[in-house]
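Working notes for the structure below.
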Amino acid sequence: METIMNGRIVRGDVGKLVARLKGGEPLAEILGVDEEILEALEGQAYLLYLRRHYDKADVLARGVLALDEERPLAHLIVGDVALAEFRFQEGARHLERTHELAPELQEVRGRLGECLMKAGRPGEARGHLEAAMGGPLSEEARRRCAALLEQL
């Protein structure tokens, strides 16, 4: 049997690990993974995304989510990759989670609206696109949201 000691799994009771996970404790916390490491992994995933290495960005961001599913940037990366790869339902799930975790990010609402529109959910899409237009956006994001709204 195994248990957790000093951030490592050692001989003992694996039930303690399972209980902590079922209790909602992030695996990163159980294993002693520092916040700085999670941020560095998210940053690397974002750089890979910007370079259009979508497969690698997706794998790395999903790894971060396996350690801590409350990471908005990791959800954003997975959602954006799904959007870029035409997996709209999956993209919408991750972008919805990003919005829940970081509602102040207006551009996420625009991306979420796009995913919802392309996933065949125009009513929900319109609400997110209109909300995005009402907040601070880059000029490119504003044009994109306006164009999407015209299509609805």
Side-chain angles (χ1 to χ4, degrees), residues 4 7-9 17-152:
I4 307 302
R8 296 188 185 153
I9 299 177
L17 169 64
V18 172
R20 289 173 74 180
L21 288 170
K22 284 184 177 179
E25 191 172 349
L27 183 59
E29 191 174 310
I30 293 169
L31 297 176
V33 178
D34 294 331
E35 175 71 18
E36 295 80 26
I37 293 172
L38 292 172
E39 288 175 2
L41 292 171
E42 282 178 320
Q44 188 63 36
Y46 185 65
L47 289 175
L48 289 165
Y49 171 78
L50 291 176
R51 293 179 182 147
R52 298 179 189 252
H53 298 291
Y54 295 142
D55 289 345
K56 291 177 182 179
D58 190 57
V59 167
L60 192 51
R62 287 176 188 275
V64 170
L65 291 173
L67 291 168
D68 184 352
E69 59 188 36
E70 302 289 313
R71 309 291 301 188
L73 180 56
H75 279 289
L76 176 60
I77 294 164
V78 173
D80 276 353
V81 167
L83 176 59
E85 294 181 344
F86 308 102
R87 293 180 282 122
F88 305 122
Q89 292 290 354
E90 180 184 358
R93 279 193 312 274
H94 283 282
L95 293 171
E96 284 171 336
R97 189 67 180 129
T98 303
H99 176 61
E100 290 170 7
L101 294 169
E104 70 279 4
L105 301 176
Q106 289 297 312
E107 291 200 23
V108 171
R109 306 254 349 235
R111 290 179 181 134
L112 175 54
E114 181 178 358
C115 260
L116 291 168
M117 186 182 105
K118 291 179 177 180
R121 295 159 60 187
E124 293 172 81
R126 178 177 297 283
H128 286 287
L129 290 166
E130 288 174 347
M133 292 291 287
L137 290 176
S138 68
E139 195 55 40
E140 178 184 346
R142 187 168 299 286
R143 279 193 303 271
R144 185 158 185 85
C145 286
L148 290 167
L149 280 167
E150 286 181 17
Q151 294 175 34
L152 291 175

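None of the values given here were measured: they were computed from a predicted structure.
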With under 30° as parallel and over 60° as perpendicular, where do the rings of His99 and His128 fit, or are they tilted in between?
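The rings of His99 and His128 stand perpendicular, inter-plane angle above 60°.
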
Any side-chain heavy atom of [X] sitting closer than 4.5 Å to one from [Y]?
{"X": "Asp58", "Y": "Val78", "answer": "yes"}
{"X": "Leu95", "Y": "Asp80", "answer": "yes"}
{"X": "Leu129", "Y": "Leu152", "answer": "yes"}
{"X": "Leu137", "Y": "Arg144", "answer": "no"}

Tell me whether Glu140 is salt-bridged to Arg143, with the criterion being a basic N under 4.0 Å from an acidic carboxylate O.
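Salt bridge absent between Glu140 and Arg143.
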
So, are Arg109 and Glu130 salt-bridged, with charged N and O less than 4.0 Å apart?
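Answer for the salt bridge query: no.
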
Pairs touching residues 20-41 that satisfy ring-ring contact (aromatic ring centres under 6.0 Å, His included), sequence neighbours left out
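Listed once each, the pairs would be none.
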
Working to the nearest 0.5 angstrom, can you tell me the gap between [X] [atom1] and [Y] [atom2]?
{"X": "Glu25", "Y": "Ile30", "atom1": "CD", "atom2": "CD1", "value": "4.5 Å"}
{"X": "Thr98", "Y": "Arg111", "atom1": "OG1", "atom2": "CZ", "value": "9.0 Å"}
{"X": "Met117", "Y": "Leu148", "atom1": "CE", "atom2": "CG", "value": "5.0 Å"}
{"X": "Leu105", "Y": "Leu73", "atom1": "CG", "atom2": "CG", "value": "9.5 Å"}
{"X": "Leu60", "Y": "Ile77", "atom1": "CG", "atom2": "CD1", "value": "7.5 Å"}

Sequence neighbours excluded and cut-off under 3.5 Å, please list the side-chain donor-acceptor pairs for residues 82-93, or say none.
from  : atom 1 : to     : atom 2 : distance (Å)
Glu85 : OE1    : Arg87  : NE     : 3.4
Glu85 : OE1    : Arg87  : NH2    : 2.6
Arg87 : NH1    : Glu90  : OE1    : 2.4
Arg87 : NH1    : Glu90  : OE2    : 3.3
Gln89 : OE1    : Arg121 : NH1    : 3.4
Gln89 : NE2    : Ala119 : O      : 3.4
Glu90 : OE2    : Arg62  : NH2    : 2.1

For the student: nearest non-hydrogen atoms of Ala125 and Gly113, plus distance
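So the two residues come closest at CB-O, 3.2 Å.
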
Return the minimal non-hydrogen interatomic distance between Met133 and Cys145, and the atom names on each side.
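Scanning both residues completely, I find the closest heavy atoms to be SD-CB, 3.4 Å.
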
Listed pairs under 3.5 Å, donor-acceptor, residues 38-47 side chains, sequence neighbours left out:
from  : atom 1 : to    : atom 2 : distance (Å)
Glu42 : OE1    : Arg71 : NH2    : 2.8
Glu42 : OE2    : Arg71 : NE     : 3.3
Glu42 : OE2    : Ala74 : N      : 3.4

So with a 6.0 Å cut-off around CD of Glu107, is the heavy-atom count from everything else above 12?
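More than 12 heavy atoms, drawn from other residues, nucleotides or ligands, come within 6.0 Å of this atom.
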
Crowded around Lys56 NZ? As in, over 12 foreign heavy atoms under 6.0 Å?
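Counting other residues, nucleotides and ligands, NZ of Lys56 stays at 12 neighbours or fewer.
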
